[in-house]
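Everything below concerns the one structure shown next.
Small disclaimer: the values here were computed from a predicted structure and weren't measured. Note on naming: letters A, B, ... go to the chains in the order of the sequence lines (proteins, then strands), and numbering restarts at 1 for each one.
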Amino acid sequence: MKSILLSSAALLIATSAYAAKTDVTIGLQLEPPHLDPTSAAAGAIDQVVYSNIFEGLTRFGSDGAVLPGLAESWDISEDGTVYSFNLHSGVTFHDGTSFEASDVVFSLDRARAEDSTNAQKALFASIESVEAVDATTVKVTLSAPQGNFLFNMAWGDAVIVAPESIEDIKNNPVGTGAFTFSEWRQGDSISLVRNDSYWGTPAVLESATFKYISEPTAAFAAMMAEDVDAFYSYPAPENLAQFEADPRFTVLSGNTEGETILAINNKLEPFNDVRVRRAVSMAIDRQAIIDGAMFGYGTPIGTHFAPHNPDYVDLTGNAPFDPEAAKALLAEAGYPDGFTTTLKLPPPSYARRGGEIIAAQLREIGIETEISNLEWAQWLEQAFRGYDFGLTIVSHTEPMDIGIYARPEYYFQYDNAEFQDLIEALGVENDPATRSELLRQAQTIISEDYVNGYLFQLALTSVVNARLTGIWEDAPTQAVDLTAVSWSE
Amino acid sequence: MLTYVTKRLGSLCLSLIVASLVIFACIEIVPGDPASFMLGINAQPDTIQALRVELGLDQSLAQRYLGWVGGLLDGDMGTSYTYRTPVSDIVSDRLQVSLPLALYALTLTVVVAFPIGILAAARRGLVTDITVMGATQLGVAIPNFWFAILMVILFAINLRWFSAGGFPGWDAGIFLAMKALTLPAIALALPQASILARVMRSSLLDTLSEDYMRTARAKGLTRRQVLWRHALRNAMIPVLTIIGLQFSFLLAGAIIIENVFFLPGLGRLVFQAITQRDLIVVESVVMLLVFAVILLNFFVDIAYAWVDPRLRVRS
């Protein structure tokens, strides 16, 4: 009898240890400043709230496709200026109030208001009016047709918020998503619990915690000690081989929307000469930078476009690595002995490590760089707004942002009327085939103008417990979508 | 004693006023606008302006300084630009980690440093002394973050006795909370204990070579009696100074150790706030630390007067 008791006790312990875990702890490097995705640019906010807490009319899927969100369907008028969204019924916010068309009107009007602090206000620029037709129908009228309006509405900056909870949204976000905000221990962690009255497919996990670990060494230790179940966007690529060799872990390597570029000040002499820009591009050995700075993770690019996008054109051949030809181009432009310029580097390792390698590569063709390491706030002030730079390295992480080349005041100051017309045409184009064609043309123009040195598409590498499934491998937007995450037996 | 204390209090107030001016000036001239930092590279100029107005950054420097100092006098440290919660709430949260950690590390420091420092002084030139001197030399030389990483590898990754870092909070129970602070406290205490032990030893040796020590011995006291009854108390002044400095260092200077163990402490808050240009948080926390250091020095001064009556008379 005693032995039966003992063995059944042992069995109990064994089964409870092997019963599927229902919580997860995800390590992240950057803590969000607050939790309102509609009033800050910080990707760290979207990582926590996107699709987990807040939802928009449309949403991004794991492959970047635009899917229905709170709107189950929509009709677009013949001329492409009126969108009628049919909303899901029976949806409630986490505080119990019901989600209705008036909330959509409130959210979109708030984002485009004069005193709005939405970091992506341009997404809403074409909206002329938003009306609630009835409780589940919203009519959005645009001033002109906008080809990527549904795409814009999928951004984290366009999620639907409730007027009742807006006052305290920064510290107590109330959305419609599959998870409810539970607690934020500032400096340490944010926890979410499952929303049991979710309108869609409920989440598998009962609770989830995001744990903030900024130091790469500490991230390694936390993963190794299994204090965290996954480290999203793992900050120390040098350890990845070790995790790959360990059967306890899986290393996910996917794409992001981050085009990493050597940005060139197009208005500054000598870079106002296309031959000089071309020489710079040809002096760069992309693979050496990917291997040296990113430990081999990253895809070479030849233009400002994500390689996983169906409309991507491989233009890396426009600037093959050829230092001799680059030197000849410099001589032709009147700089046979090269010149000296500045190279301003923001904090991420792609910039700091990549910068050293690029400096050495440019020295080969006679361009000396004065490197300065800047914090983000300094970089924004000096390089971004002050145009005080020759060269700088930045990863542009917003999806589909080729349009920045149509803004002559944008920090690299590219001013090409042909390109600006093309982007304008693209903006009002609704036909998919024509859109693709225009996007291809746009990529080619900037590549052949050597506006910037196109380096590589930033990879997303995450270390995940081998039994954990459903973590997004690619990052079409900066989100850690937990709705489909679960533990396998 | 009263005039002595009044004088000290006067210099305390003056230091605080000067410190507030210096801190405000230093932080405001650092380039980088908080609003543009928060809104990133796609924001439109009018959006940035709207946020500047919302944060009160459109006011003049003088207005902002007076507003800040006025608030501090009222006990209001302002509202964080990034977190949008009162700075005092954030700080008190962080102090729940930093203060116990500093006290824990200081206790370890004193508990280790006193005995070995006294022992080394009592056994001057003998093997014990040489061992203590050698070990403390090593303790001072080893960078504490490196020592911390070694402890993590051993105790968290290999032995699994401790978590690699993090803080479960006091509501998780005092045992778990103290456990989470143990490795960081040891890492912080190692160099401090080494320094303090060496100061203790040399200060004791200095005192032991004074004339009155010989007199005491001549009166017939044993070496041990001289050491405990006369030398120790007189050797305390430099030791107290060092402890005062060490406590303020431990409170504010644990940034690196807080990062290694990802603890939500005050050091990490300041570090984050600087990169995020959360100026009001930086200003208020630095001011608070200055206040703590000045106050601590004030108490150390009072303690001097207590251990050394001559200081009272002279002032």
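No part of A:Ser189 comes within reach of chain B, as not one of its non-hydrogen atoms sits under 4.5 angstrom from that chain.
Remark: A:Met223 CE to B:Ile157 CD1 distance equals 11.5 Å, nearest 0.5 Å. With rounding to the nearest 0.5 angstrom, the CD atom of B:Gln96 is 8.5 Å from the CZ atom of A:Arg185.
Between B:Arg268 and A:Ser214 the shortest side-chain heavy-atom distance falls below 4.5 Å. Using a 4.5 Å heavy-atom threshold, the side chains of B:Phe262 and A:Lys211 count as touching.
Remark: A:Asp388 pairs with A:Lys344 by the salt bridge (charged side-chain N to carboxylate O under 4.0 Å, His left out) rule, at least two apart or across chains. Taking the salt bridge (charged side-chain N to carboxylate O under 4.0 Å, His left out) definition, one finds that B:Asp93 meets it with nothing, sequence neighbours left out. Taking B:Arg277 as the reference, A:Glu375 meet the salt bridge (charged side-chain N to carboxylate O under 4.0 Å, His left out) condition, with sequence neighbours excluded.
Of the listed residues (A:Leu35, A:Leu30, A:Thr117, A:Asp36), the greatest number of heavy-atom pairs within a distance under 4.5 Å of chain B belongs to A:Thr117.
Annotation for B:Arg84 and A:Asn171: closest pair O-ND2, 3.9 Å, computed over non-hydrogen atoms.
Remark: B:Leu159 CG is packed, more than 12 non-hydrogen atoms of other residues, nucleotides or ligands lying under 6.0 Å away.
Contacts from residues 57-67 of chain B to chain A, taken as heavy-atom pairs separated by less than 4.5 Å, involve no residues at all.
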